[in-house]
Amino acid sequence: MDRVRLYRLSIAVTGGLLTSVALLLLARRGSSTIAGVLLVSGVGQTLGVAAESLSTDGVAPEPGPVPFWTAMAFTGIGLVGAALFVLS
């Protein structure tokens, strides 16, 4: 898998994690500002990366090493955090 696809996939996964944590938070504790912000940001992040993937003309710039590895690290941290939130 090339770096551009992996980069976009990691951003989409992070957006999905934010959305799922927001929905679990809403189900457990009811309506709150934090859950609303998480929901809007997670859906926006996922839709934004999907729109960017669909709108490119085939020549997508490759992310540099710092943004790429930062996205990978935060996706890993998000996976661990979401798993801990679900298990708590």
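Here OG1 of T75 is found 10.0 Å from OH of Y7. Values are rounded to the nearest 0.5 Å. Of the inter-residue distances, the one linking L39 atom CG with L25 atom CG reads 10.5 Å to the nearest 0.5 angstrom.
With hydrophobic clusters built from ILVMFWY side chains whose heavy atoms lie under 4.5 angstrom apart, V86 shares a cluster with L38. Linking ILVMFWY side-chain heavy atoms closer than 4.5 Å, directly or via other members, places V40 and V13 in two distinct hydrophobic clusters. Neither V37 nor I11 shares a network with the other; the hydrophobic side chains, linked directly or stepwise wherever heavy atoms of I, L, V, M, F, W or Y lie under 4.5 Å apart, form separate groups for each. The cluster map of Ile, Leu, Val, Met, Phe, Trp and Tyr, joined by side-chain heavy atoms under 4.5 Å apart, puts F68 and V66 in different clusters.
The number of heavy atoms from other shown groups lying within 6.0 Å of CZ (F74) does not exceed 12. No more than 12 heavy-atom neighbours from other residues, nucleotides or ligands sit within 6.0 angstrom of CD1 on I34.
For the residue pair A35 and S32, the shortest heavy atom distance occurs at N-OG, 3.2 Å. Across all their heavy atoms, L17 and A82 have their closest contact at CD2-CB, 3.7 Å. Looking at every heavy atom in both residues, R28 comes nearest to F85 through NH1-O, 3.2 Å. Listed here is the closest heavy atom pair of G42 and L18: CA-CB, 3.7 Å.
A heavy-atom distance below 4.5 Å is found between the side chains of M72 and L6. Between P63 and R8, every side-chain heavy-atom pair lies at or beyond the 4.5 Å cut-off.
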Item to check | Stepwise side-chain contact (heavy atoms from CB on, under 4.5 Å) check, R5 with L9 | outcome: CA-CA 6 Å; R5 287 185 185 170; L9 179 65; 6.0 Å; no
